[in-house]
Amino acid sequence: MDKVYVGTNWKMHKTIEEGQVYFRELQEIAKNKDLSMQLFIIPSYTSLIPLKREIDSNILLGAQNMHWEDEGAFTGEVSPTMLKEIGVDLVELGHSERRQFYNENDQDLNKKIQASLKHNIPPLVCIGEHIEQKEFGISRESLSIQLKVCLKGVSQEQVEDVMIAYEPVWAIGEGGVEATSEYVHQMHNHIRNVLVEMFGHVGNNVPILFGGSVNRKNAIDYLQGENVNGLFIGRSAWDLQKFEPILDDIERFIQNSKVAK
Ligand code: PEP
């Protein structure tokens, strides 16, 4: 895969003003980065329009969620047509907090993924096993089920627009436990196998990103995995003083990999 994807979801953090300060600085950083590093940020809905107006780099802008209907009586929801009007580059679907606090399930996600693809908004689909599933030794089965339900009905052509974020639920956010890189590489290989089983050789083109307590100490170890095509970072990316050194390390990693090829 030509690109290494690196992005962050701000969750319910940063006002418009705070977001603009961050974004202006990140754009400056991005201008000097290797073009193989594809940066993206996923702010709250309120920041999407102001940030979109300021884009002056190749950073992609994504939304944190989306309803599957184009319009209707769904108070508090935002539709694909509304996101399309803003011109977002992607939409994150199925973050574990959406699943945990808003009862989203894989069937809902399947409808959202279908809708995003219909509107040409590439979905970043989050999947991940719970700690109980890991302890019972059924992480792979859990990931297979999530992929097979979420991506049901997606065509080979459409899947080229899909990105997967593998985020073990037990590894993300405050209190998350860092996964070993060996475990992450094994799960990414499994996800790749399922994608190839479902979509044939095209399954090899779907970027699989890892997220969950990524920080400067573990980022490059995770990226060493053959099927780890990027990183999806929360807390370590919200402060640019922490994020910039991680981006520098990733850039060195990309450049060394190019030399080794
Ligand atoms: C997340 O919640 O999706 C996430 C990756 O967060 P963190 O990096 O803070 O664990």
Just checking, is any N or O donor in the side chain of Q146 or S142 under 3.5 Å from an acceptor N or O on the other one? yes
Going by heavy atoms in the side chains, are W68 and Q114 under 4.5 Å from each other? no
Do L117 and V162 come within less than 4.5 Å of each other through their side chains, counting heavy atoms only? yes
How close do Y45 and M66 get, heavy atom to heavy atom, and via which atoms? OH-N, 3.8 Å
Qualifying residue, where the test is side chain to side chain donor-acceptor pair (under 3.5 Å) with K112 and the options are E104, H67, Q107: E104
What about the rings of F243 and W10, do their centers lie closer together than 6.0 Å? no
Would the H13 and W238 ring centres measure less than 6.0 Å apart? yes
Taking atom types as modelled, is there a side-chain donor on Y22 or E17 under 3.5 Å from an acceptor on the other? no
Yes or no on side chain to side chain contact (heavy atoms under 4.5 Å, CB included) for V78 and L83, after CA distance, side-chain angles and deciding distance? CA-CA 7 Å; V78 169; L83 293 182; 3.8 Å; yes
Short N-O contact, D249 and R252, less than 4.0 angstrom: yes
Measure the spacing between CE of M187 and CD of E167 and express it to the nearest 0.5 Å. 15.5 Å
OH/Y183: more than 12 non-hydrogen atoms of other groups inside 6.0 Å: yes
Between T81 and D70 (side chain of the first, backbone of the second, donor and acceptor by atom type, cut-off under 3.5 Å), is there such a pair? yes
Could you check if a side-chain atom of V169 sits within less than 4.5 angstrom of a side-chain atom of Q133, using non-hydrogen atoms only? no
With a 3.5 Å distance limit and no angle check, can you tell me whether S236 reaches the backbone of V214 through a side-chain donor-acceptor pair? yes
Do you know the tightest heavy-atom contact between L240 and E25? CD1-CB, 3.4 Å
Mind running side-chain hydrogen bond (donor to acceptor under 3.5 Å, both in side chains) on Q27 and D56 for me, showing each step along the way? CA-CA 7 Å; Q27 297 216 94; D56 176 28; 5.5 Å; no
If I compare all heavy atoms of L39 with all of A30, which pair ends up nearest, and what's the gap? CD1-CB, 3.7 Å
Could you grab the distance from atom CD1 of I59 to atom CD of E54, nearest 0.5 Å is fine? 11.0 Å
Are L209 and L247 linked, directly or through intermediate hydrophobic residues, by side-chain heavy-atom contacts shorter than 4.5 Å (ILVMFWY only)? no
Side chains of L93 and N65: closer than 4.5 Å at any heavy-atom pair? yes
Quick check: are there more than 12 heavy atoms from other residues, nucleotides or ligands sitting under 6.0 Å from CG of D2? no
Can you tell whether the side chains of D248 and K33 come within less than 4.0 Å, N to carboxylate O? yes
Between M163 and L151, is there a shared hydrophobic cluster once you connect ILVMFWY residues whose side-chain heavy atoms come closer than 4.5 Å? no
Yes or no on side-chain hydrogen bond (donor to acceptor under 3.5 Å, both in side chains) for N218 and E178, after CA distance, side-chain angles and deciding distance? CA-CA 9 Å; N218 58 26; E178 277 182 42; 3.2 Å; yes
Looking at Q64 and V91, would you say the former's side chain and the latter's main chain have a donor-acceptor pair under 3.5 Å? no
Hey, could you give me the CD1/CG distance between I41 and L60, rounded to the nearest 0.5 Å? 10.0 Å
Is it true that the NZ or CZ of K14 lies under 6.0 Å from the centre of F23's six-membered ring and within 45 degrees of the ring axis? no
Distance-only donor-acceptor check, side chains H185 and T180, under 3.5 Å: no
Under 3.5 Å donor-acceptor, E92 side chain and A63 backbone: no
side-chain hydrogen bond (donor to acceptor under 3.5 Å, both in side chains) evaluation trace for H130 with S96: CA-CA 10 Å; H130 286 268; S96 72; over 6 Å; no
Close side-chain approach of H95 to K11, heavy-atom, < 4.5 Å: yes
Has Y5 got a side-chain atom pairing as donor or acceptor with I208's backbone, closer than 3.5 angstrom? no
Give a yes or no on whether the ring-centroid distance for F232 and F40 is below 6.0 angstrom. yes
Between CG of L48 and CD1 of I16, what distance do you get to the nearest 0.5 Å? 10.0 Å
Name of the residue among N189, N204, N193 meeting side chain to side chain donor-acceptor pair (under 3.5 Å) with N227: N189
Determine whether V125 and L109 satisfy the following criterion, side chain to side chain contact (heavy atoms under 4.5 Å, CB included), listing intermediate values before the conclusion. CA-CA 8 Å; V125 181; L109 286 167; 5.7 Å; no
Answer yes or no: does atom NZ of K152 have more than 12 heavy-atom neighbours from other residues, nucleotides or ligands under 6.0 Å? no
Is the number of heavy atoms from other residues, nucleotides or ligands under 6.0 Å of K52 NZ greater than 12? yes
Check this for me: E71, atom CD, are more than 12 non-hydrogen atoms of other residues, nucleotides or ligands nearer than 6.0 Å? no
For I121 and L90, the nearest pair of non-hydrogen atoms, with its separation, is CG2-C, 3.8 Å
Determine whether a donor-acceptor pair (N or O, by modelled atom type, separation under 3.5 Å) exists between the side chain of E18 and the backbone of T15. yes
Please answer whether the main-chain N or O of N58 pairs with a side-chain N or O of Q38 as donor and acceptor at a distance below 3.5 Å. yes
Between the side chain of S213 and the main-chain N/O of V177, is any donor-acceptor distance below 3.5 Å? no
Under the criterion salt bridge (Lys or Arg N to Asp or Glu O under 4.0 Å), I'd like the reasoning laid out for D106 against R99: C-alpha separation, chi angles, the key distance, then a yes or no. CA-CA 9 Å; D106 294 328; R99 294 171 184 261; 2.6 Å; yes
Would E251 and N32 count as a side-chain hydrogen bond (donor to acceptor under 3.5 Å, both in side chains) if you check the C-alpha gap in whole Å, the side-chain angles of each, and the deciding distance to 0.1 Å? CA-CA 10 Å; E251 184 172 45; N32 302 317; over 6 Å; no
Can a salt bridge be assigned to the pair R192 and E197 using a cut-off of 4.0 Å between side-chain N and carboxylate O? no
Rounded distance [0.5 Å steps], NZ in K148 versus CG in N110: 14.5 Å
Return the CG to CD1 distance between L143 and I191, rounded to the nearest 0.5 Å. 5.0 Å
Would F210 and F253 show up in the same hydrophobic cluster when neighbours are defined by side-chain heavy atoms closer than 4.5 Å? yes
Minimum side-chain heavy-atom gap K3-M37 below 4.5 Å: no
Side chain of R235, backbone of G173: donor and acceptor closer than 3.5 Å? yes
What closest approach, in Å, do I164 and L124 show between heavy atoms, and which atom pair accounts for it? C-CD1, 4.1 Å
If hydrophobic clusters are built by linking Ile, Leu, Val, Met, Phe, Trp and Tyr wherever their side-chain heavy atoms come under 4.5 Å apart, do I113 and V88 end up in the same one? yes
Report yes if the side chains of V202 and L195 come closer than 4.5 Å at any heavy-atom pair, otherwise no. no
Least distance between heavy atoms, S144 atom then H190 atom: OG-NE2, 2.9 Å
With distance as the sole test, does S47 use its side chain to make a donor-acceptor pair with the main-chain N or O of S44 at under 3.5 Å? no
